[in-house]
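Everything on this sheet refers to the single structure shown next.
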Amino acid sequence: MPAYVHGGDVYTYASRYGGAPLDLSANINPFGTPEGVRQAMQDALSRCACYPDPFCRAARRAISAAEGVPADWLYCGNGAADVLDRLAAALRPRTALLTVPTFAAYERTLAGAQLRFHPLRVEEEFTLTGRLLDDIVPGLDAVYLCNPNNPTGRTADPALLRAVARRCAANGTWLVVDECFSDFLTDSAQHTLKDLLGAQPRLVLLRAYTKMYAVPGVRFGWCMTANAALVDALYRAGQPWNVSVIAQACAEAAAREQDYAQRTAARIADERAYLAEELQRRGLNVYKSEVNFLLFRAAEQDLQQQLAARGVLLRSMLHDRGLGAGWYRTAVKTRQDSRTLLAALDEIRREER
């Protein structure tokens with residue numbers, strides 16, 4: 001089997017150590033799935049004797065109402081990863097620009113393209129700067145941006161992001177902006193490009209309900225674009241029943257839980273501030289984040305393994321372009337979860353003395 005480098009691998013942990021860990025390697029909402037979403041999924045069991053709607057009509061109507069975009073601009077998939085795969089198959093870019101570090105799945109899905117990389121600098125705390133505009137040149141087929149960026153947790157300045165969108169439009173370049181973590185921002189409305197969709201047919205925005213509504217096992221993501229030809233190509237890029245009956249019910253209910261997302265974002269902001277301060281007090285280099293995870297650097301290059309032996313899963317960035325050994329990402333969860341992580345770190349430091 002291939003090596004598993006994504007977070008949330010509780011199955012390997014169970015086979016190696018037994019039991020269930022505190023999983024800080026996957027940045028899932030620690031406050032759980034809203035009851036309305038749970039009930040919708042439960043009710044959907046009675047409809048599982050039928051094929052799923054291949055066009056996700058009810059889910060798209062609900063998302064359309066929540067996001068304020070036409071339902072015809074939405075394409076739904078089996079998680080954001082499925083949509084990314086279909087986008088690569090539909091767009092077939094020959095050249096693509098990625099920032100580094102960023103979400104590693106972009107590079108995987110764009111394996112057939114010639115990739116160019118724009119480095120985010122440690123000394124700038126991985127902030128996206130105007131240097132990116134210099135790399136968006138004529139002949140470039142696609143730019144992929146993660147905003148907020150994973151694993152850094154940083155957003156791009158809204159004015160700069162719009163300048164990037166204008167540059168891509170002027171050059172005829174596809175711009176794919178991954179907004180999957182925008183729900184965790186306390187000022188998310190300032191960071192979306194939804195209002196540009198109608199005027200820019202080569203703009204695509206990616207979203208998911210996986211993290212905010214704590215349903216990674218259900219799998220539901222979608223993209224927004226005003227490009228009707230692209231939406232049609234996405235439907236044709238894979239099998240028609242890619243979103244299950246239960247996942248569609250989940251999405252329809254989650255789209256109506258906007259208050260839940262806002263409350264979660266506020267709670268996470270408090271927990272993030274606490275955890276960042278405590279990690280820094282322990283001598284770790286913690287980088288500013290605006291969402292539900294923190295990127296940090298530690299002297300220990302085997303910290304992931306040491307914590308796993310103590311029942312805590314952390315995300316190692318060893319294989320992530322632009323980072324490497326000694327870099328880690330932790331989810332921000334409850335205060336008790338943070339204290340469990342901190343206690344495990346303290347135990348490791350005591351044993352090293």
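Among L205, V177, D178, the single residue meeting the side chain to side chain contact (heavy atoms under 4.5 Å, CB included) criterion with N147 is V177.
Listed for the N171 side chain is no donor-acceptor partner under 3.5 Å among the backbone atoms of T173. Put simply, the side chain of Q304 gets close to the backbone of L314: a donor and an acceptor are under 3.5 Å apart. Under a 3.5 Å cut-off, the side chain of Q248 and the backbone N or O of D53 do form a donor-acceptor pair. Listed for the T33 side chain is a donor-acceptor partner under 3.5 Å among the backbone atoms of A214.
Counting all heavy atoms, side chain and backbone alike, S182 lies closest to P148 at N-CD, 3.7 Å. Closest approach of S316 and Y328 over heavy atoms only: CA-CD2, 3.9 Å. Taking all atoms of both residues into account, the shortest heavy-atom contact from Y213 to A261 is OH-CB, 3.8 Å. For the pair R47 and A249, the tightest heavy-atom approach, listed with the atom from each and the gap, is NH2-CB, 3.7 Å. For V37 against E257, the heavy-atom pair with the smallest separation is CG2-CG, 4.1 Å.
Side chains of T12 and D9: a donor-acceptor N/O pair is present below 3.5 angstrom, by distance only. Looking only at atom types and distance, the side chain of D85 has no donor-acceptor partner in the side chain of T109 under 3.5 Å away. For D82 and N242, the side-chain atoms include at least one donor-acceptor pair closer than 3.5 Å. Side chains of T225 and N227: a donor-acceptor N/O pair is absent below 3.5 angstrom, by distance only.
Hydrophobic clustering places V122 together with L284 (ILVMFWY residues linked when any side-chain heavy atoms are closer than 4.5 Å, directly or through intermediates). Residues L110 and V137 do not share a hydrophobic cluster, defined by chaining ILVMFWY side chains whose heavy atoms lie under 4.5 Å apart. Both V286 and Y274 belong to a common hydrophobic cluster when Ile, Leu, Val, Met, Phe, Trp and Tyr are linked at side-chain heavy-atom distances under 4.5 angstrom.
The aromatic ring centroids of Y287 and F296 lie 6.0 Å or more from each other.
Using a 4.0 Å cut-off between charged nitrogen and carboxylate oxygen, E124 and R131 count as a salt-bridge pair. Salt-bridge formation is not detected for the pair R263/D259: no Lys NZ or Arg NE/NH1/NH2 atom is positioned less than 4.0 Å from an Asp or Glu carboxylate oxygen. Salt bridge absent: R92 and D141 never bring a charged side-chain N and a carboxylate O closer than 4.0 Å. Under the 4.0 Å criterion applied to side-chain N and carboxylate O atoms, E107 and R321 are assigned as salt-bridge partners. Taking 4.0 Å as the cut-off between side-chain N and carboxylate O, D346 and R350 do not count as a salt-bridged pair. Between E252 and R256 a salt bridge is recorded (basic side-chain N to carboxylate O distance below 4.0 Å). Using a 4.0 Å cut-off between charged nitrogen and carboxylate oxygen, R207 and E179 count as a salt-bridge pair.
Classification of the Y106-F103 ring pair by plane angle, with boundaries at 30° and 60°, yields perpendicular.
Counting heavy atoms of neighbouring residues, nucleotides and ligands inside a 6.0 Å radius, atom OH of Y17 exceeds 12 of them. Around atom CZ of R310, more than 12 heavy atoms belonging to other residues, nucleotides or ligands sit under 6.0 Å away.
In this structure, N292 and R272 have side chains that are not in contact, with every pair of non-hydrogen atoms separated by 4.5 Å or more.
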**Item:** Working for salt bridge (Lys or Arg N to Asp or Glu O under 4.0 Å), residues E300 and R349
**Value:** CA-CA 10 Å; E300 297 90 346; R349 296 290 173 81; 2.7 Å; yes
**Item:** ring-ring contact (aromatic ring centres under 6.0 Å, His included) between W222 and Y209, intermediate numbers included
**Value:** CA-CA 9 Å; W222 77 94; Y209 283 145; 4.6 Å; yes
**Request:** Test ring-ring contact (aromatic ring centres under 6.0 Å, His included) on Y235 and Y75 and set out the steps.
**Result:** CA-CA 8 Å; Y235 280 113; Y75 174 79; 4.9 Å; yes
**Prompt:** What do the steps show when you test N150 against R329 for side chain to side chain donor-acceptor pair (under 3.5 Å), and what is the final call?
**Reply:** CA-CA 9 Å; N150 179 12; R329 192 197 72 187; 2.9 Å; yes
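Cation-pi geometry between R267 and F31 is met: under 6.0 angstrom from the ring centre, within 45 degrees of the axis.
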